[in-house]
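Everything numeric here is computed off the predicted structure, so don't read it as measured data. Every number for a ligand or one of its atoms is a count from 1 in the order of the listing.
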Amino acid sequence: MISRVLIPLLLCFLGILSEGSSDASHSPVMGILAQPTAKGDHLYIAASYVKWLEAGGARSIAIQDDLTDDVELDELFQQIHGLFIPGGATDEMSYAIQYLLNKAVESNQEGHYFPVWGTCMGFEYLVRFIGGDDILQAGYQAENKSLPLEGVVRTSFLYSDDDIYQTVISRNTTLNNHHLGLHPATYWSSPSLQSVWEITSINHDETGRPFVSTLEPISDLPFYGVQYHPEKNAFEYATYPHTTLPYEAIDHSPEGVAFSTALARVAVHLARTTLERNDRHAYTDPDRFPYVYTYPQQVGTAFEQIYIIPKSGQSEVTRKSYLRNGDMSHIPKRSYYHIQ
Ligand SMILES: *[C@@H]1O[C@H](CO)[C@@H](O)[C@H](O)[C@H]1NC(C)=O
Ligand SMILES: *[C@@H]1O[C@H](CO)[C@@H](O)[C@H](O)[C@H]1NC(C)=O
């Protein structure tokens with residue numbers, strides 16, 4: 001028999017009492033660019049970006065880089081509270097991303113707040129979008145380099161938190177992985193860049209050449225860009241095959257991980273602002289614009305994902321036995337969850 005004390009505890013445990021947490025309006029939705037793989041046969045999003053946004057409290061919808069239909073792009077734009085452009089290696093800015101960036105500009109100019117976040121390639125896209133396609137310099141030696149930020153503007157939005165500030169100025173925490181860069185002198189010779197952003201940190205590559213590592217808005221365009229990878233500290237742990245040697249020089253210290261997730265909350269806060277200020281559509285059509293989850297999109301149960309662990313004597317647990325435990329029939333057909 002279940003005691004009186006246990007019943008509320010159980011209900012809480014199952015999420016039934018957690019009023020509000022089921023209210024989707026408390027969770028902003030980011031549109032995240034899915035770009036072509038190296039072979040070009042499909043599109044991808046590195047899961048660490050999705051996890052990073054989840055750590056900040058946002059869910060994500062994929063934006064297919066090859067979309068060309070304005071009606072569909074308009075519809076997508078209505079479903080998101082912010083645009084996230086991740087790192088990557090897609091030189092050409094697609095029609096889709098340029099269209100959405102123009103929509104973002106238009107929206108902000110009309111007084112409807114709409115933030116854009118760019119990480120690494122995303123940073124470079126933002127700079128090119130405002131400053132022109134040839135504005136970046138090539139040949140930087142800043143690959144697989146974790147650095148402390150220099151010249152950090154403490155009063156800026158991204159670095160005003162004491163813990164974040166202390167970590168970024170004092171530790172090799174921000175991982176860089178780029179050949180292109182924005183030279184500070186280029187910024188100072190570009191009226192268009194200066195009218196949109198201030199530089200809130202810089203860095204030097206291995207040869208001592210400076211590059212801008214953070215741009216924050218001073219205009220009515222809430223566009224934020226970081227040249228480094230804040231998602232990696234908390235969410236990338238790759239090693240070389242059959243070793244424990246880290247594949248990339250990522251700071252996984254408590255400070256590094258805390259920095260990563262704290263900055264995720266700062267980034268997602270921007271999209272929450274859209275949620276509070278605008279009357280954007282709630283997310284409505286999972287078959288049309290499914291969330292990109294880092295786990296199977298389970299509905300109608302308290303747990304969106306569970307791990308099925310074989311009993312000690314069992315060699316494996318079949319998918320069939322997993323399905324028996326839950327009704328998966330409501331999972332949207334186009335649910336993206338398999339991340340290789
Ligand atoms: C950062 O790493 C460099 C080597 O790449 C090292 O010389 C430097 O002392 C480190 N800085 C800090 C603050 O740990
Ligand atoms: C990245 O740097 C670390 C530390 O310097 C090194 O061990 C690792 O092999 C490098 N990884 C790559 C892919 O170059």
Open item on the list: With a 6.0 Å cut-off (strictly less than), is the heavy-atom count around OH of Y237, excluding the residue itself, greater than 12?
Closed with: yes
Open item on the list: Check this for me - ligand 2, E248, N or O atoms closer than 3.5 angstrom, yes or no?
Closed with: no
Open item on the list: R154 and side chain to side chain donor-acceptor pair (under 3.5 Å): which single residue from T200, D162, D161 fits?
Closed with: D162
Task: Any donor-acceptor pair under 3.5 Å from S201 side chain to V152 backbone - done: no
TODO: Have a look at ligand 2 and work out which part of Y240, if any, has a heavy atom under 4.0 Å from it: side chain, backbone, both or neither.
DONE: side chain
Open item on the list: Distance alone, cut at 3.5 Å: any donor-acceptor contact between the side chains of E216 and S156?
Closed with: yes
Task: Qualifying residues under salt bridge (Lys or Arg N to Asp or Glu O under 4.0 Å), relative to D74, sequence neighbours excluded - done: K103
Task: Sole residue of T90, D65, D66 in side chain to side chain donor-acceptor pair (under 3.5 Å) with Q35 - done: T90
TODO: Heavy-atom cut-off of under 4.0 Å around ligand 1: list whichever protein residues fall inside it, by chain and number.
DONE: K145, S170, N172
Task: Close-contact set for ligand 2 against N144 heavy atoms, below 4.0 Å - done: 1 (C), 2 (O), 3 (C), 8 (C), 10 (C), 11 (N), 12 (C), 14 (O)
Task: Charged N-O contact under 4.0 Å between E248 and K232 - done: yes
